[in-house]
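Structure below; questions to follow.
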Amino acid sequence: MIPFIKAESLVHEYSRRDEEGNITGINRALDGIDIEVKAGDFIAVLGANGSGKSTFAKHLNALLVPTEGTLYVDGKDTSDHINDLAVRQSAGMVFQNPDNQIIANIVEEDVGFGPENMGVPTEEIWKRVEESLKNVGMYEYRKESPNHLSGGQKQRVAIAGIMAMKPKCIILDEPTAMLDPKGRESVIKTVKELNIHENITIILITHYMEEVTAADYVYVMADGQIKMQGTPRQVFARSEELIKYKLTIPEVTKIALALIKKGVKIPKDILYVEELTDILLKLKARQ
Amino acid sequence: MLRDITIGQYYQAESVIHRLDPRVKVIATFIYIISLFCFNQLSGYIIAAFFFYCIVKLSKVPFKFITRGIKPIIFMLIFTAALNLLWTSGEHVLIQYGFITITSEGVKKMVFMALRLIFLIIGSSLMTLTTTPNQLTDAIENLFKPLNKLKVPVHELAMMMSIALRFIPILVEETDKIMKAQLARGADFESGNIIQRVKNMIPIFIPLFVSAARRASDLALAMDARCYHGGEGRTKMKPLKYKRQDILAYFVMFCYICVIVVTGKILPV
């Protein structure tokens, strides 16, 4: 099967310039990235600030093109500008700041913006807007102004705006960085549901560990390279390495590791609070 | 103070005025503004005010909301009024004090000018309060379409305008935030003469411009990501189609002009 996204030794360089515009140095934001994503997967890309994860996300949407190496999205080469619109349609992107990606002043008009650009007929736009707003649970807000919504709600509108373009994949570039815990939870829940019920491939770029537990597979980025990969459990079990890449592990995993250090016999890869309490209760019952 | 800017804000309500075709509203607003400058007697203002009152009642927008739009221009209003009052020469001198001469013609002109400005502002803010920016853009794009032949980028201009309108409340909020942040650091925006005060505004404007530029670049990326590529091949979610109520509205506007013109002829007060 052809992978939905295939990156081969992807390199991206920024040139640093002085005040006169002369190149003074080159920054390697991405340094030989190899990633394959199957359709329908839920992938998380973890990384601290400056790890190159956002640069990578922009490549997936053809907003940036590789300096070296190749990137295929849905079988199309992103470095060819002819493919720009097709790539953006099959892999939609949600950004960090909810205010700066909502174009219209009414929720439903904003959701319709993408399909309008694609030249979808009017009746079909209305159908898509209704469907995607229902999918993210924002249908009752369709006539509201985005300014009156909370951050989490705005982000769900942004996701609906992408859904209305009928993409096969949604890339979320730190969608929860500016949200409160409640908004964060609602966004991740929405994304997970889209992945399960609509079979949308999800690529979640984040530095919040708790969000990664929803993913099927995790890549950890640092210095423009992929340093670790595996299922969330496999990755979190290697906590020392994660700390080296300036990432922190979920609180529950931290507690579990501390308990192990004290000699309590529990597994290293605990991700959920319920999981830990279950194991501890069983241990207690045995004693 | 900043929160009082009503131009460019939309007031959500279910009303006939909200449902009207935006082209009707744009044209009607233009006619209304032009009509304000076509008469020079009190009866005209009474008709204009009454007509406006009826439209506002129909639109279900609270009066408080509309009159808030006047506050930010109060200084300009007073300035124009004062100029009109002092610099109008006439026969009926009311007060003569040093170089100041106030004539009854001046008073009349002052009152009329102020009324015109007020009606102009509240008239156009009623249009933006009852029309979403996207509809407004659609209307302007549609009305100016013939200019496309002259290579005027009508769609792009309309899009720019609608985005500017969308960001007004966001930037207003941001200015408020920056002002408070600078006040907390001991900035002073209240005292000093006018030059000093303008200078004191610099710590507000620079962060505001920087963040506006950043927002613009973010928004451009987000628009790119949603396949925006200009007006070419674009369809409309809400295409403009005239309905019966729109024809009726044009007819009402026509009647309004007739009434204004006729009263101007028969009631010279």
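Naming convention: chains lettered A, B, ... in sequence-line order (proteins, then strands); numbering from 1 in each chain. Just so it is clear, the structure is predicted and the values come from calculations on it, not from any experiment.
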Which pair of heavy atoms, one from R88(A) and one from A225(B), lies closest together, and at what distance?
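That closest heavy-atom pairing would be CB-O, 3.8 Å.
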Heavy-atom distance under 4.5 Å to chain B: side chain of V94(A), backbone, both or neither?
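Answer is neither: V94(A) stays 4.5 Å or more from chain B.
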Measure across F167(B) and D99(A) and return the closest heavy-atom pair with its distance rounded to 0.1 Å.
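Smallest interatomic distance, heavy atoms only, reads CZ-O, 3.9 Å.
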Hey, is CD on E232(B) packed in by over 12 heavy atoms from elsewhere, all under 6.0 Å?
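Incorrect, the count does not exceed 12.
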Atom CG of L150(B) with >12 non-hydrogen neighbours under 6.0 angstrom:
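Correct, the count exceeds 12.
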Is D110(A) in contact with chain B via its backbone, its side chain, both, or neither, using a 4.5 Å heavy-atom distance?
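Both parts, backbone and side chain.
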Can you tell me which of I102(A), V129(A), I171(A) forms the most heavy-atom pairs within a distance under 4.5 Å of chain B?
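Among I102(A), V129(A), I171(A), the one with the most close pairs to chain B is I102(A).
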Can you tell me if CZ on F209(B) sees more than 12 non-hydrogen neighbours from other groups inside 6.0 Å?
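At most 12 heavy atoms, drawn from other residues, nucleotides or ligands, come within 6.0 Å of this atom.
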Would you mind checking which part of F113(A) comes under 4.5 Å of any heavy atom in chain B, side chain (CB onward), backbone (N, CA, C, O), both or neither?
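Both backbone and side chain.
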Residue Y53(B) excluded, over 12 heavy atoms near OH under 6.0 Å
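Atom OH in Y53(B) is not crowded, with 12 or fewer foreign heavy atoms closer than 6.0 Å.
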Do N97(A) and R215(B) make a side-chain contact, defined as non-hydrogen atoms from C-beta onward lying under 4.5 Å apart?
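They are in side-chain contact.
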Side chains of H229(B) and D84(A) in contact at under 4.5 Å (non-hydrogen atoms)
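Sidechains of D84(A) and H229(B): no contact.
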Can you tell me which residue among K236(B), K238(B), R234(B) is in a side chain to side chain donor-acceptor pair (under 3.5 Å) with E116(A)?
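Only one of K236(B), K238(B), R234(B) forms a side chain to side chain donor-acceptor pair (under 3.5 Å) with E116(A), namely R234(B).
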Is it true that, when you exclude Y242(B) itself, more than 12 heavy atoms of the residues, nucleotides or ligands shown sit nearer than 6.0 Å to its OH?
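Atom OH in Y242(B) is crowded, with more than 12 foreign heavy atoms closer than 6.0 Å.
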Could you tell me which portion of I170(B) (side chain, backbone, both or neither) has an atom closer than 4.5 angstrom to a non-hydrogen atom of chain A?
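Only the side chain of I170(B) comes within 4.5 Å of chain A.
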Side chain from CB out, backbone as N, CA, C, O: work out which of these in I103(A) comes under 4.5 Å of a heavy atom of chain B, or both, or neither.
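Contact with chain B involves both backbone and side-chain atoms of I103(A).
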Can you find a heavy atom in the side chain of L221(B) that is under 4.5 Å from one in the side chain of K58(A)?
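Counting from C-beta outward, L221(B) and K58(A) do come under 4.5 Å.
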Can you measure from CG (N100(A)) to CZ (R214(B)) and round to the nearest 0.5 angstrom?
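Spacing of CG (N100(A)) from CZ (R214(B)) equals 10.0 Å.
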Interface residues of residues 160-170 of chain A facing chain B - non-hydrogen atoms under 4.5 Å apart
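Near chain B, by residue number: G161(A), I162(A), M165(A).
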Is it the side chain or the backbone of S145(A) that comes within 4.5 Å of chain B heavy atoms, both, or neither?
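Nothing of S145(A), per the 4.5 Å heavy-atom cut-off to chain B.
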Between Q96(A), K143(A), E144(A), M93(A), which residue shows the highest count of heavy-atom pairs closer than 4.5 Å to chain B?
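If we count pairs closer than 4.5 Å to chain B, K143(A) comes out on top.
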Heavy atoms, side chains only, cut-off 4.5 Å: are M237(B) and E108(A) in contact?
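Of all side-chain heavy-atom pairs linking E108(A) with M237(B), at least one is under 4.5 Å.
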Taking L63(A)'s backbone N and O only, do any of them form a donor-acceptor pair with D224(B)'s side chain (distance below 3.5 Å, no angle check)?
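Judged by distance alone, no pair lies under 3.5 Å.
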Please name the pair of heavy atoms, one in T235(B) and one in V120(A), separated by the smallest distance, quoted to 0.1 Å.
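Closest approach of T235(B) to V120(A): OG1-O, 2.5 Å.
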Could you grab the distance from atom CD1 of I168(B) to atom CG of N147(A), nearest 0.5 Å is fine?
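Reported to 0.5 Å precision, the distance equals 11.0 Å.
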Please check if atom OH in Y208(A) has more than 12 non-hydrogen atoms from other residues, nucleotides or ligands closer than 6.0 Å.
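Yes, because the 6.0 Å sphere around OH of Y208(A) holds more than 12 heavy atoms from other groups.
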Would you say CZ of R16(A) has more than 12 non-hydrogen atoms from neighbouring residues, nucleotides or ligands within 6.0 angstrom?
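Counting other residues, nucleotides and ligands, CZ of R16(A) exceeds 12 neighbours.
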Verdict with reasoning, Q101(A) to R226(B), per side chain to side chain contact (heavy atoms under 4.5 Å, CB included)
CA-CA 10 Å; Q101(A) 57 183 321; R226(B) 291 224 246 155; 5.7 Å; no
How about OH on Y141(A), more than 12 heavy atoms from neighbouring residues, nucleotides or ligands closer than 6.0 Å, or not?
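Result for OH/Y141(A): open.
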